[in-house]
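Following: one structure in structure tokens, then a few remarks.
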Amino acid sequence: MYTAHPDRYAEMPYRRTGRSGLKLPALSLGLWHNFGPDRPVETQRAILRRAFDLGVTHFDLANNYGPPPGSAESALGEALKADFAPYRDELVISTKAGYLMWPGPYGEWGSRKYVLSSLDQSLSRMGLDYVDVFYSHRPDPETPLEETMGALHTAVQQGKALYVGVSNYSPEQTREAARILADLGTPLLIHQPRYSMLDRRPETSGLLDTLDELKVGSIAYSPLEQGLLTGRYLNGIPEDSRAASDSPFLNSDAVTEELVGRLRTLNEIAASRGQSLAQMALGWVLRQGRVTSALVGASSPRQLEDSVAAIGNLDFDADELARIDKIVKG
């Protein structure tokens, strides 16, 4: 029987999410990859246990995570039953609906029928009565935003979600979603954008400014840019890497000699800070306090420990930031 570490809250900083009462750990565990049937169950369970022992109280999922879709939620459901039942009220569990889950016209996007059906399926897979945060995973260009946000509001009214969020929404879509939800009486809690040293779109698009104005929290996904910022590519493309498999999320063509050179220079800055490249990349995302939490994946407890160690140095001086910008922007 798993017993959580008694000092699990000693080191991890927790940040208030927008103007809500909910605090999230600076680092959250994402179950996007590594929680499908192709991974040993004991490894999955060990990662989850170690995360909680380190103060990572937030587990982030979506209906389509795995692979195959749904398997990550099922894996978490088994772990919750086996290890975390006594700790449910210490955990924040989030899931999303938006991408393809089943055939036919009702199996994806943002209709009320799909969103609420998906949530019921997610709850069943995880063995939960409710999730803490339920997201619209992507905007639907053909469904009125009022319908999608209305479905999120219904989930809260039904007691199946405590808070709601959006992911991959533009600043304008986010502003309108927040307005609709406010009118319904269910505040927009959080936005989940892709954000890293190599992907500055939340800055350049004005999304972070919009979230500041709306007092909505943010949680960054892919802060390590699909592994590019972990140090795995400092000497090219490893045979067992995501880029070598030409993953739809990172292919070998993207790992150019020029990029590898930039990564090596970034790694030199990280070393001067006493950090790994991954730790510096996570610290960079969290540096200003504008990002509530950064999502990290892990294939082993040790990899997770390396990521969590980033919280030891989240401060950057002006020279470091300028050097990073020069390397990244060219």
Side-chain angles (χ1 to χ4, degrees), residues 20 22 28-33 35-37 44 48 57-85 87-169 177 180-181 184-192 219 221 295:
S20 75
L22 183 68
S28 298
L29 179 63
L31 278 68
W32 184 14
H33 300 296
F35 285 85
Q44 297 174 13
L48 293 166
T57 54
H58 178 209
F59 299 156
D60 177 85
L61 300 99
N63 56 359
N64 64 326
Y65 287 0
S71 60
E73 289 180 330
S74 296
L76 180 65
E78 292 300 316
L80 291 173
K81 182 168 59 176
D83 295 329
F84 295 100
Y87 306 106
R88 173 62 183 99
D89 291 336
E90 296 183 47
L91 292 170
V92 173
I93 297 171
S94 60
T95 196
K96 313 174 193 74
Y99 287 92
L100 180 64
M101 279 301 291
W102 59 87
Y106 320 120
E108 63 178 325
W109 294 108
S111 72
R112 181 179 181 85
K113 178 171 178 59
Y114 166 71
V115 169
L116 293 177
S117 296
S118 176
L119 177 56
D120 284 342
Q121 292 184 22
S122 292
L123 292 174
S124 178
R125 282 189 288 267
M126 291 186 285
L128 294 175
D129 296 323
Y130 71 94
V131 291
D132 297 274
V133 186
F134 183 44
Y135 290 87
S136 168
H137 205 165
R138 61 174 173 171
D140 183 344
E142 297 183 350
T143 297
L145 196 54
E146 289 83 357
E147 180 174 340
T148 305
M149 295 303 105
L152 296 184
H153 171 67
T154 295
V156 173
Q157 294 298 105
Q158 291 177 340
K160 296 177 181 179
L162 301 186
Y163 302 92
V164 299
V166 296
S167 182
N168 300 307
Y169 277 52
I180 294 167
L181 285 167
L184 292 170
T186 296
L188 177 63
L189 174 80
I190 195 167
H191 188 298
Q192 186 172 134
I219 180 167
Y221 76 86
L295 274 171

query: With a 4.5 Å limit on heavy-atom distance, are the side chains of V92 and F59 in contact?
result: no

query: Any idea which heavy atoms bring L61 and M126 closest together, and the distance?
result: CD1-SD, 4.3 Å

- request: State, with a plain yes or no, whether a side-chain heavy atom of L48 is found less than 4.5 Å away from one of L76.
  value: yes

task: Report the C-alpha distance between L119 and V115 in whole Å, list the side-chain angles of each, state the deciding distance to 0.1 Å, and finish with yes or no for side chain to side chain contact (heavy atoms under 4.5 Å, CB included).
output: CA-CA 6 Å; L119 177 56; V115 169; 5.9 Å; no

- request: Determine the minimum heavy-atom distance between S71 and G66, stating which atoms define it.
  value: OG-CA, 3.1 Å

All side chain to side chain donor-acceptor pair (under 3.5 Å) counterparts of S124, not counting sequence neighbours: none

Would you give me the side-chain donor-acceptor pairs under 3.5 Å for residues 143-151, sequence neighbours excluded?
{"unit_1": "T143", "atom_1": "OG1", "unit_2": "D140", "atom_2": "OD2", "d": "2.7"}
{"unit_1": "E147", "atom_1": "OE2", "unit_2": "R112", "atom_2": "N", "d": "2.9"}
{"unit_1": "T148", "atom_1": "OG1", "unit_2": "G110", "atom_2": "O", "d": "2.7"}

field: Stepwise side-chain hydrogen bond (donor to acceptor under 3.5 Å, both in side chains) test for N63 and S122
entry: CA-CA 6 Å; N63 56 359; S122 292; 5.5 Å; no

- request: Return the orientation label for the Y114 and W102 ring planes: parallel under 30°, perpendicular over 60°, tilted otherwise.
  value: tilted

- prompt: Okay, side chain of N64, backbone of L100: is any donor-acceptor separation there less than 3.5 Å?
  reply: no

- prompt: F134 and T95: side chain to side chain contact (heavy atoms under 4.5 Å, CB included), yes or no, with the steps?
  reply: CA-CA 5 Å; F134 183 44; T95 196; 4.0 Å; yes

message: With heavy-atom distances below 4.5 Å as the criterion, would you say the side chains of Y65 and Y99 are in contact?
response: no

field: Check: Y221 and S167 side chains under 4.5 Å, non-hydrogen atoms
entry: yes

message: Quick check: do Q192 and L295 have side-chain heavy atoms less than 4.5 Å from each other?
response: yes

query: Within the distance-only criterion (no hydrogens, no angle test), does the side chain of R138 pair as donor or acceptor with the backbone N or O of G98 below 3.5 angstrom?
result: yes

field: Atom pair CD (Q158) and NE2 (H153), whose distance is rounded to the nearest 0.5 Å
entry: 10.0 Å

message: Looking at every non-hydrogen atom in both residues, tell me the closest pair between H58 and I219 and how far apart they are.
response: CE1-CD1, 3.5 Å

field: From S111 atom OG to L116 atom CG, the distance as rounded to the nearest 0.5 Å
entry: 8.5 Å

field: Step-by-step side chain to side chain contact (heavy atoms under 4.5 Å, CB included) determination, L91 to L80
entry: CA-CA 10 Å; L91 292 170; L80 291 173; 4.0 Å; yes

field: Student check: side-chain heavy atoms of L128 and I93 closer than 4.5 Å
entry: yes

field: A75 to Q44 - nearest heavy-atom pair and separation
entry: CB-OE1, 3.3 Å

message: Just so I know, are the side chains of W109 and E142 near enough to count as touching, which here means a heavy-atom distance under 4.5 Å?
response: no

- request: Compare every heavy atom of L188 with every heavy atom of G165, then report the nearest pair and how far apart it is.
  value: CA-CD1, 3.7 Å

message: Main chain of G127, side chain of E73: is a donor-acceptor contact present, judged purely on distance under 3.5 Å?
response: no

- line: In this structure, CG of D60 is separated from CG of L29 (nearest 0.5 Å) by 8.5 Å

- prompt: If you measure from CD on Q157 to CG on L152, what distance do you get to the nearest 0.5 Å?
  reply: 12.0 Å

task: Check P68 against P37 and note the closest heavy-atom contact, atom names and distance.
output: CD-CD, 3.5 Å

- prompt: Who passes salt bridge (charged side-chain N to carboxylate O under 4.0 Å, His left out) against K113, sequence neighbours left out?
  reply: none

- line: Taken to the nearest 0.5 Å, the spacing of Y130 OH from Y163 OH works out to 10.0 Å

- prompt: Just wondering, do L22 and I190 contact through their side chains at under 4.5 Å, heavy atoms?
  reply: no

From CA spacing to verdict: side chain to side chain contact (heavy atoms under 4.5 Å, CB included), K160, T154: CA-CA 9 Å; K160 296 177 181 179; T154 295; over 6 Å; no

